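So the structure is just underneath, and the comments pick up after that.
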Amino acid sequence: MSAATVENLVIIGSGPAGWSAATYAARAQLQPLVYEGAISEKNRMAGTLPLGQLALTSEVENYAGFPHGNLGGFLDSALPKERRMMMAPHEGQGVTGPELMELMRQQALNFGTRIITDDILKVDFSKRPFTLFPAEGGEVKAKCVIVATGASANWLGLPSEERFKNRGVSACAVCDGALPRFRNKPLVVVGGGDSAVEEATYLAKFASTVHLVHRRDALRASKIMAQRAFDDPKITIHFNTALAEVLGDDTNGVTGVRLESTTAGGSATTLDVAGVFLAIGHTPNTAFLDGQLELTPKKYIVWKKHFRTETSVEGVFAAGDVADDYYRQAISAAGTGCMSALDAERWLAHGHG
Ligand code: NAP
């Protein structure tokens, strides 16, 4: 990108919010440029690879417009061969997260979106045009920016969890659950929300048993998801229980866990397991903004007007999970992505930037 070029609109992020924003902006002839993130080991470990959190999930049952049906032929016709070949073959009846994301990316591309597979590490929103600093060097100038960088998985912060990351400890069952080290072995999932239940249900297909460990006496997950966990004979739920330590050694990686009761007078137990999957919520990816946009105490970007995607800096808009600690659904992210593109288009049309 030449330093002299000033982009109309740069979109940072490549989940449902980023691609919806790009599709709307491209159709409005804003020639959007998307920084979709870098394909790097650092991003893999942090869960921030291109295509967002949906690319880390299995079947998606609740995205409007995608009921059960055989999508194989549609995927073949909609996606270019080289990207289709990189994907897992279509199985089951519903669309998967990675498939949905590839389709969204392709839709944005079809209308002329330009895509760069790199991270934006730093921004300067103090003067116009704004300046963005990609990891691969140089700088990009933009009249208008949409931040759609999503959120990434939380960790407990135990030293033993850190020690066994990639050797039996993971925050993504769908990415790692089918690995041989976990097959037909007992596993632990920590958390009580939809992600934890989804991961436990997914892992139960491969594991001998899944222990779902939750710190309270009731699941936070939606009723339909929670019922699946209760009904699955391979899932045992341990309420009022916390993961105190991951046990293991350098040769085998994870071999067990030490669990502690969260209620007074409760006891500690150990379980022999081959894997530990964390599903304890997410943190918005806002660190790279370095305080230049107003954030909530939980570090989500603040929308300054009711039901508008405007941030504290005029000309910078936010969409998706990076600005939403409440709904956090793929479809709501896509919806706010659309809103951010319309907000950006109107702002530019008024001669701003
Ligand atoms: P979440 O709803 O925030 O749940 C996080 C879970 O982790 C909670 O049960 C929480 O316990 C527990 N937790 C948090 N910090 C912990 C800690 N330090 N130690 C132990 N446990 C801890 O997050 P999520 O499950 O990732 O879901 C995020 C959003 O995505 C939700 O809106 C959810 O509906 C959505 N989602 C939907 C689907 C679907 O519909 N298929 C699938 C996945 C996610 P407490 O309950 O005690 O707070």
Side-chain angles (χ1 to χ4, degrees), residues 15-17 46-48 52-64 66-68 92-101 150-162 169-175 177 188-203 211-230 232 235 237-246 257-263 266 276-285 296 298-300 320-336:
T48 51
Q53 291 178 68
L54 218 59
L56 307 177
T57 66
S58 51
E59 204 163 305
V60 179
E61 293 182 328
N62 53 5
Y63 198 93
F66 285 88
H68 280 188
Q93 287 295 297
V95 70
T96 68
E99 288 167 356
L100 190 53
M101 295 321 301
S152 33
N154 289 343
W155 300 88
L156 285 170
L158 299 169
S160 56
E161 171 194 66
E162 186 61 34
V169 172
S170 165
C172 179
V174 177
C175 323
V188 160
V189 173
V190 183
D194 279 332
S195 298
V197 170
E198 189 175 69
E199 302 225 332
T201 314
Y202 176 78
L203 289 169
H211 299 276
L212 181 58
V213 170
H214 182 38
R215 63 184 177 182
R216 285 191 298 123
D217 62 356
L219 294 177
R220 177 181 293 281
S222 54
K223 289 208 164 52
I224 186 168
M225 302 279 283
Q227 196 57 47
R228 269 179 214 168
F230 291 128
D232 193 320
I235 299 177
I237 307 181
H238 303 255
F239 285 111
N240 298 316
T241 305
L243 174 67
E245 189 183 358
V246 181
V257 285
R258 188 163 58 79
L259 303 177
E260 279 177 2
S261 169
T262 56
T263 52
V276 176
F277 291 83
L278 282 305
I280 56 165
H282 295 84
T283 299
N285 297 319
T296 69
K298 287 186 193 164
K299 310 282 183 209
Y300 288 81
D321 284 10
V322 76
D324 174 15
D325 71 344
Y326 187 72
Y327 296 106
R328 295 181 293 183
Q329 304 298 307
I331 196 136
S332 50
T336 57

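For the numbers below, each heavy atom of this structure counts, side chains included, while hydrogens, waters and symmetry mates do not. Note that ligands are numbered from 1 as they come in the structure, with each ligand's atoms numbered from 1 the same way. Computed from a predicted model, the values in this text were never measured in an experiment.
For Ala242, no heavy-atom contact with ligand 1 is shorter than 4.0 Å.
Using a 4.5 Å cut-off on side-chain heavy atoms (C-beta onward), Leu54 and Leu100 make contact. Asp321 is listed as a side-chain neighbour of Gln53, based on a closest heavy-atom distance under 4.5 Å.
The minimum heavy-atom distance between Val197 and Ala229, with the atom names listed, is CG1-CB, 4.0 Å. Annotation for Pro284 and Val322: closest pair CB-O, 4.2 Å, computed over non-hydrogen atoms. Listed here is the closest heavy atom pair of Gln329 and Asn62: OE1-ND2, 4.1 Å.
The single protein non-hydrogen atom nearest to atom 41 (N) of ligand 1 is Glu198 OE2, 3.4 Å, given as residue, atom name and distance. Among protein heavy atoms, the minimum distance from atom 7 (O) of ligand 1 is reached at Ile280 CA, 3.2 Å. Looking at atom 20 (C) of ligand 1, its nearest protein heavy atom turns out to be Arg215 CD, 3.7 Å. In terms of protein heavy atoms, atom 30 (O) of ligand 1 is closest to Arg328 O, 3.5 Å. Looking only at heavy atoms of the protein, atom 18 (N) of ligand 1 is closest to Leu156 CD2, 3.7 Å. Scanning all protein heavy atoms for the shortest distance to atom 46 (O) of ligand 1 gives Arg216 NH2, 2.8 Å. What sits closest to atom 26 (O) of ligand 1 on the protein, heavy atoms only, is Ser195 OG, 2.6 Å. When hydrogens are left out, the protein atom nearest atom 40 (O) of ligand 1 is Asn62 ND2, 3.1 Å; that is the closest non-hydrogen contact.
The shortest N or O to N or O distance between Gly192 and ligand 1 is under 3.5 Å. Checked by distance only, ligand 1 and Asp194 come closer than 3.5 Å through their nitrogen or oxygen atoms.
Taking every non-hydrogen atom of Met225 and a distance limit under 4.0 Å, the qualifying atoms of ligand 1 come out as 41 (N). In summary, the atoms of ligand 1 found under 4.0 Å from a heavy atom of Tyr327, numbered by their order in the structure, are 32 (O). Those atoms of ligand 1 with a heavy atom of His214 less than 4.0 angstrom away are 9 (O), 11 (O), 45 (P), 46 (O), 47 (O).
Summarising the contacts of atom 1 (P) of ligand 1 with Glu61, Gln329, Arg220, His282, the nearest heavy atom is found in Arg220.
Not counting sequence neighbours, the partners of Phe230 by the side-chain contact (heavy atoms from CB on, under 4.5 Å) test are Leu219, Ala226, Gln227, Ile237, Phe239. Among residues two or more places apart in sequence or in another chain, the side-chain hydrogen bond (donor to acceptor under 3.5 Å, both in side chains) test is passed with Ser332 by none.
In summary, the side chains of Ser222 and Asp194 do present a donor paired with an acceptor at a separation below 3.5 Å, with no hydrogens or angles considered.
Taking NE2 from His214 and OG1 from Thr241, the interatomic distance works out to 10.0 Å, rounded to the nearest 0.5 Å.
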Evaluate the criterion side-chain contact (heavy atoms from CB on, under 4.5 Å) for residue pair Leu158 and Leu243; output intermediate values, then yes/no. CA-CA 9 Å; Leu158 299 169; Leu243 174 67; 4.2 Å; yes
